[in-house]
Amino acid sequence: MGLLTVQKVSKSFPGVRALQEVDFELKAGEVHALLGENGAGKSTLMKILAGIYQKDQGRILVDGQEVEISSPSHAKSLSIGIIHQELCLLPHLTVAQNIFLGREPRKWKGLLDEKAINDATHVLLAYLKLNLDPKKKLGSLTIAKQQLVEIAKVFSNVSKILIMDEPTATLNHTEVQDLFRIIQQLKSQGVGIIYISHKMDEIQQIADRITVLRDGRYIDTVPIDTPINRVIALMVGRDIETKTKTIPDTSHSPIKLKVENVSRGDWVKNVSFNLRKGEILGFAGLMGAGRTELARLVFGADKMDCGKIYIDDQVCTISSPVDAVKAGIAYLSEDRKRYGLATDLTVETNITLVHLAKWLRFKFWLLKTQLVEQSAKMVEKLGIKTPNLEQKVRFLSGGNQQKIVIAKWLLRDSDILIFDEPTRGIDVGAKAEIYQMLDMLAQMGKAIIVISSELPEVMLLSHRILVMCEGKITGEVPGEKATQEWIMSLATQRG
Ligand SMILES: Nc1ncnc2c1ncn2[C@@H]1O[C@H](COP(=O)(O)OP(=O)(O)OP(=O)(O)O)[C@@H](O)[C@H]1O
Ligand SMILES: [Mg+2]
């Protein structure tokens with residue numbers, strides 16, 4: 001008998017049939033991967049199990065007993081825990097306060113027993129072998145560390161069923177291994193785990209079985225040794241065009257962006273490079289190597305200690321993102337929630353947001369219709385799954401939100417485009433589309449920087465790769481000769 005059985009569950013939102021008669025079964029002690037394209041309905045199904053949404057139809061059984069999961073606290077009482085795709089911790093509280101939120105030990109007169117929760121958190125973190133300080137304010141940690149706190153929190157609430165919705169999207173290699181170790185511990189205790197991810201190599205490492213959803217429907221459940229191509233075909237229902245690597249000769253194109261001896265504290269140390277028109281320049285390195293920090297300096301989001309930036313051979317003072325946008329630089333941030341999106345505004349407003357200032361100065365209505373047209377085109381081009389342009393962005397699936405960030409900057413028509421982890425959380429099909437788009441933009445003469453932690457991705461996309469380690473550029477690898485070994489040896493070259 002399964003630990004959890006889902007039978008013919010359906011769920012609709014206004015204009016969207018998110019789930020149609022979906023079946024799913026979870027056994028005790030297994031890691032069951034749930035796969036599907038962006039908007040396939042994975043998170044919706046998980047939110048139903050976690051009591052956040054209510055199903056319209058169908059049955060859910062826990063330990064063979066039919067249940068109506070009416071609220072998150074009800075889900076908790078049924079021993080169902082969830083780690084969300086988007087973080088939902090409180091940044092102004094400490095690590096320990098977040099872990100014990102809602103079940104804090106109280107002292108006399110209801111005062112919080114800080115010492116008790118700090119001690120308990122210390123023990124918990126030590127048990128999980130996580131190197132975190134219980135007393136640190138959560139907001140001061142990196143997104144990845146915050147994610148580990150969330151995982152520790154769920155672990156401490158011991159559940160029978162644990163849902164992980166893209167838990168590794170923001171984690172680096174060692175942190176992923178930390179997580180996998182915790183998952184193994186939970187498995188051996190008989191916990192059933194539902195694991196959602198777009199990273200196929202992870203799935204193969206950690207999962208026992210795979211269930212595939214497509215367009216809100218159940219497609220199939222297959223064992224983990226099913227060939228990867230077969231799994232992808234189940235997910236997308238068609239063959240994906242795989243990008244073939246083409247490297248144009250841009251050695252004679254004009255230099256569009258020149259970065260000279262740029263430094264900031266310990267993060268970026270004396271970095272210089274050129275970027276030519278029509279070139280895709282990749283930045284590889286381990287998490288924390290200084291790639292995002294460098295991009296933020298070029299974009300004026302942080303202030304450099306020293307160094308110069310030239311655009312078209314002219315020295316350019318960029319002291320804020322506004323200056324950067326004026327100078328024709330676009331930056332797609334890796335953290336879409338914090339910098340890229342206004343999730344309470346509509347799809348259309350988000351896509352056209354960077355134009356706002358521009359259209360206010362012109363005839364409002366004329367440009368407005370143009371913008372609506374353009375956003376509609378972008379939504380179609382990128383295959384953004386939304387019932388209409390008036391939908392609030394927070395109602396879109398995670399991957400579709402990422403596509404909106406991309407759409408918005410593409411419309412701005414900048415000459416220099418910096419993509420920081422452009423395909424994070426994006427499904428295999430849409431990834432291929434984004435790769436093609438980058439190629440197309442380069443052919444149009446745009447100068448492009450791609451920062452990516454997925455080595456196969458940087459290698460596939462870049463004409464030339466710069467590798468960073470501890471704030472410095474440690475080497476350059478030509479696109480046609482790039483190997484993982486070469487890049488990794490430069491990425492770990494300290495000193
Ligand atoms: N609260 C909501 N209101 C309206 N529509 C919603 C809501 N939540 C989800 N949807 C829609 O339901 C569909 C399924 O979304 P869901 O978040 O489950 O996808 P997903 O498989 O998790 O995708 P991703 O891989 O991008 O995270 C999408 O079309 C989404 O826009
Ligand atoms: Mg999702």
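Computed over heavy atoms, backbone and side chain alike; hydrogens, waters and symmetry mates excluded. First listed ligand is number 1; within each ligand, the first listed atom is number 1.
Geometrically, ligand 1 and F395 share a nitrogen or oxygen pair separated by less than 3.5 Å. In terms of polar-atom proximity, G399 is counted as a contact of ligand 1, with an N or O under 3.5 Å from an N or O of the ligand. On a distance-only criterion, F13 and ligand 1 share no N/O pair closer than 3.5 Å. Checked against a 3.5 angstrom limit, the closest N/O atoms of G39 and ligand 1 fall inside it. The N/O atoms of A18, backbone and side chain alike, include none that comes under 3.5 Å of an N/O atom in ligand 1.
One N or O on the side chain of K42 and one on the backbone of E37 form a donor-acceptor pair closer than 3.5 Å. H463 places a side-chain N or O within donor-acceptor distance of the main-chain N or O of I280, the cut-off being under 3.5 Å.
Salt bridge absent: R17 and D215 never bring a charged side-chain N and a carboxylate O closer than 4.0 Å. Taking a cutoff of 4.0 Å between a charged side-chain nitrogen and a carboxylate oxygen, K160 and D63 qualify as a salt bridge. Looking at R230 and D225, no side-chain N of the basic residue comes within less than 4.0 Å of a carboxylate O on the acidic one, giving no salt bridge.
Per-residue contacts place E166 under 4.0 angstrom from the following atoms of ligand 1 (heavy atoms of the residue considered): 25 (O), 27 (O). The atoms of ligand 1 that sit less than 4.0 Å from any heavy atom of T44 are 9 (C), 14 (C), 15 (O), 16 (P), 18 (O). Distances below 4.0 Å separate heavy atoms of S43 from the following atoms of ligand 1: 17 (O), 18 (O), 20 (P), 22 (O). Atoms of ligand 1 lying under 4.0 Å from at least one heavy atom of Q391, given by number and element, are 4 (C), 5 (N). Every atom of ligand 1 is numbered from 1 in the order shown, and the set under 4.0 Å from a heavy atom of E37 is 21 (O). Residue H198 has at least one heavy-atom neighbour below 4.0 Å for each of these atoms of ligand 1: 25 (O). Interface of L396 with ligand 1, defined as ligand atoms under 4.0 Å from a residue heavy atom, comprises 31 (O). Those atoms of ligand 1 with a heavy atom of N38 less than 4.0 angstrom away are 23 (O), 24 (P), 25 (O), 26 (O).
Aromatic ring orientation, Y127 versus F155: tilted (interplanar angle from 30° to 60°).
Contact analysis puts G41 in contact with ligand 1, with a non-hydrogen atom separation below 4.0 angstrom. Under a 4.0 angstrom heavy-atom cut-off, D427 registers as lying outside contact with ligand 1.
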- Query: Are D344 and R394 close enough, and set up right, to give a salt bridge (charged side-chain N to carboxylate O under 4.0 Å, His left out), and what steps lead you there?
  - Reply: CA-CA 6 Å; D344 267 325; R394 73 182 150 95; 2.5 Å; yes
- Message: Pair R424, E454 - check salt bridge (charged side-chain N to carboxylate O under 4.0 Å, His left out), show working.
- Response: CA-CA 9 Å; R424 174 178 293 166; E454 290 185 41; over 6 Å; no
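Between A295 and I418 the shortest heavy-atom distance is CB-CG2, 3.9 Å.
Screening I219, T226, I224 against V222 for a side chain to side chain contact (heavy atoms under 4.5 Å, CB included) leaves a single residue, T226.
Within the 2.8 Å limit, S43 places at least one N, O or S atom next to the Mg ion (ligand 2).
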